[in-house]
Amino acid sequence: MKHHIENLITSALAGLEATGALPSGHGATVTVDHTKSKEHGDFACNIALVLAKQVRAKPRELAEKIIKALPASGKITKVEIAGPGFINFFLSPSAYHSVVRDILEKRGTFGHSRMGAGRKVQVEFVSANPTGPLHVGHGRGAAYGATLANLLDKVGYQVHREYYINDAGRQMDILATSVWLRYLELCGEKFDFPVNGYKGDYVYDIGATLHRENGDKYRQAAGKIFEDLLPDEPQGGDKETHIDALIERAKSLLGTANYRKVFDLGLKVILDDIRQDLEEFGVNYDQWYSERALVESGAADRAIARLKKSGHVYEKDGALWFRSTDYGDEKDRVLVRENGQKTYFAHDIAYHMDKLERGNDQVIDIWGADHHGYVPRIKAALAAIGDNPERLHVLLVQFAILYQGGERMQMSTRSGEFVTLRELRDEVGNDAARFFYVLRRCEQHMDFDLDLAKSQSNDNPVFYVQYAHARIHSVFRQMQEKGFQHDPANGDRHLVRLTETHEITLIQRLARYPDILEAAARDHEPHQLAYYLRELAYDFHTYYGTHTFLVDDPALRDARLNLIVATRQVIANGLQLLGVSAPESM
RNA sequence: GCGCCCGUAGCUCAGUUGGAUAGAGCACCAGCCUUCUAAGCUGGCGGUCGCAGGUUCGACUCCUGCCGGGCGCGCCA
């Protein structure tokens, strides 16, 4: 409908240009908006105000000309000039009634569009280090990313959902070493667990599995392990150098093959857990992409070679640097350390090069806000190798700050002090969690009061929306008890009977659904859909409260039933995109 | 110190690429179940849109400066 009016105005402007009444090449794009107030009609256009200045005409006079040049449309009953020069459009009821028909025909596909024109877009999200279970902070990225991917899919993009597994870095070595140490404790070895090791309970569990399946196979004497080792923090040393030394000791004592076995067990157990957690949360991926596999394929070396070729790489202090300052970064970045190891950054350049080489027109990364300083250097690298950094969109999701008992909770995977996503899902349910996470703009800091989530989960607006869906099902159950039949064809013939204010309001809301999907996808703002669904549910509940659907007049009854079936359909469609169930009864 | 994000009702947040009278939920107050599920509906209370300038027909929205909060500034990942 919006596009229909935009087209009308565009052709009116073209007509005016043709007759010379309006200079051509003004370059203004026509935008039509929904009005806030009913007295301003259904849609409004501000084109006259926008053009007035360049054309040197009074806005109201210009608006008059445009209105006269508008092609006729059966969907519009009245067009008028208002205020400083807005053009307000009043739609005929029949224009809206057809929406009900449209929804009943398209059902699950109602609202889909071809805005994306089949362009390939990759959405990478969560990608938490496999060093522990997902916590509630990751949950936000999961819900946000999954919903955004769903939205893009429905508006015509070819979407590829991906999880990047950081299985090649130091954090994973710390995990593997932590697992090994817990295993050694079970073997009977006595020593102080490193300050910087992973202390979560799950590390014990993995260590226990290792012990159960392998007995003393990987056992080494504690004295040998800690002999001449750099001291840990409590002994006056540095916890970082201590853990690094411990990792090296583990590798040398176990040997490459056995160290890898311990490492892989930890990785597998945790990754399986993450996969299952996300799957239960309704978050699915097309691909799980391993950093280690990427590096072993030589991609990082190729990336560095390409950067060298571009002439933005130099050596200093024995390390290899990328001159990212050439592209606006605040300082240059190391690619290869003095010890010959490539940095995470080098791997990430390779990964992003790979993403673009895979033929994605657009790449969306969803990161935690603490990584924001990382964005300029990645874009700099893409620019240096001749790719267009505009193809990469990095969306930063702010942390969910947890409160319990009015106290702010710390979230640290290392210390093992965190609330897991699984615990949250158990407490409030998947539906409430998915909906709640997506209710805020991603840049908005989110306060998550656990006590509130647990004790008052019924206040979550998701139940309000689900209730509307369930109520409609209930109407049909009641209909059968009363011995009525729903004849959709009859209802369709009598849509004109839907003239009550609440009916028109509801129909107009339904008509907006396709616009909402496009806007939410385009702006990467899933919350627009969540808010829309709440408003739609409100329109329905109000309608429900003021009018009876199961009336004796078959024409009116069938028309009303058509309307609420359409409402139920749109609610179900929207909830599905949010990953929330649409129950038939509550 | 520099950079990014945020600041809207008592609380949590929307505000449709600058539009008409700034909204919702929660909380609080008053009503509505012999009629399709009261997880609902109706009405009320509640605001210097952090502060001060600027841009223009028009600013919660854009620009500048300040104040306050979060995060980041490694040869960690």
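So that the names make sense, note that chain A is the first sequence line, chain B the second, and so on, each numbered from 1.
Centroid-to-centroid, the aromatic rings of A:Phe322 and A:Tyr314 stay 6.0 Å apart or farther.
Both A:Gln398 and A:Arg522 sit near RNA chain B, but only A:Gln398 has its closest nucleotide nearer the 5' end.
Checked by atom type and distance alone, the side chain of A:Ser290 never pairs as donor or acceptor with a backbone atom of A:Asp167 at under 3.5 Å.
Because its glycosidic torsion is within 90° of 0, B:C33 is reported here as syn.
The side chain of A:Arg557 contributes no N or O atom lying less than 4.0 Å from OP1 or OP2 of B:C36. Considering only side-chain N and O atoms, A:Tyr538 lies under 4.0 angstrom from the phosphate OP1 or OP2 of B:U42. An OP1 or OP2 oxygen of B:U16 is reached within less than 4.0 angstrom by no side-chain nitrogen or oxygen of A:Tyr513. Under 4.0 angstrom from either OP1 or OP2 of B:U35 there lies no side-chain N or O belonging to A:Gln478.
Taking a pair as Watson-Crick or G-U wobble with both distances under 3.5 Å, RNA chain B forms stems of 3 or more consecutive pairs at B:1-7 with B:67-73, B:10-13 with B:23-26, B:28-32 with B:40-44, B:50-54 with B:62-66.
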Item to check | Intermediate values then yes/no, side chain to side chain contact (heavy atoms under 4.5 Å, CB included), A:Arg333 and A:Trp321 | outcome: CA-CA 6 Å; A:Arg333 309 291 173 177; A:Trp321 295 71; 5.7 Å; no

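Once the 5.5 Å centre distance and the 30° plane angle are applied, the aromatic ring of A:Phe86 is found stacked with the base of B:A20. Stacking of A:His40 onto the six-membered ring of B:A20 is present: less than 5.5 angstrom between centres, less than 30° between planes.
What you find for A:Ile87 and A:Ile66 is that their closest heavy atoms are CD1-CG2, 4.0 Å.
You'll find a donor-acceptor pair under 3.5 Å spanning the side chain of A:His372 and the base of B:C71, going by distance alone. The base of B:G72 lies outside donor-acceptor range of the side chain of A:Asp370, with no N or O pair under 3.5 Å.
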What N/O pairs connect the protein and nucleotides 74-77 of chain B at under 3.5 Å? Give each pair on its own line.
{"from": "B:C75", "atom 1": "O2", "to": "A:Glu338", "atom 2": "N", "distance (Å)": "2.8"}
{"from": "B:C75", "atom 1": "N4", "to": "A:Asp317", "atom 2": "O", "distance (Å)": "3.1"}
{"from": "B:C76", "atom 1": "OP2", "to": "A:Arg337", "atom 2": "NE", "distance (Å)": "3.0"}
{"from": "B:C76", "atom 1": "OP2", "to": "A:Arg337", "atom 2": "NH1", "distance (Å)": "3.2"}
{"from": "B:C76", "atom 1": "O5'", "to": "A:Arg337", "atom 2": "NH1", "distance (Å)": "3.3"}
{"from": "B:A77", "atom 1": "OP1", "to": "A:Arg337", "atom 2": "NH1", "distance (Å)": "3.3"}
{"from": "B:A77", "atom 1": "OP1", "to": "A:Arg337", "atom 2": "NH2", "distance (Å)": "3.2"}
{"from": "B:A77", "atom 1": "OP2", "to": "A:Arg337", "atom 2": "NH1", "distance (Å)": "3.4"}
{"from": "B:A77", "atom 1": "OP2", "to": "A:Tyr344", "atom 2": "N", "distance (Å)": "3.2"}
{"from": "B:A77", "atom 1": "O2'", "to": "A:Asn129", "atom 2": "OD1", "distance (Å)": "3.4"}
{"from": "B:A77", "atom 1": "O2'", "to": "A:Asn129", "atom 2": "ND2", "distance (Å)": "3.2"}

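Under a 4.0 Å N-O distance rule, the pair A:Asp329/A:Arg323 does not qualify as a salt bridge.
With B:G7, B:A20, B:G15 as the candidates, the nucleotide lying closest to the side chain of A:Ala44 is B:A20.
Both tests hold for A:Arg471 against A:Tyr544: distance to the six-membered ring centre under 6.0 Å, angle to the ring axis within 45°.
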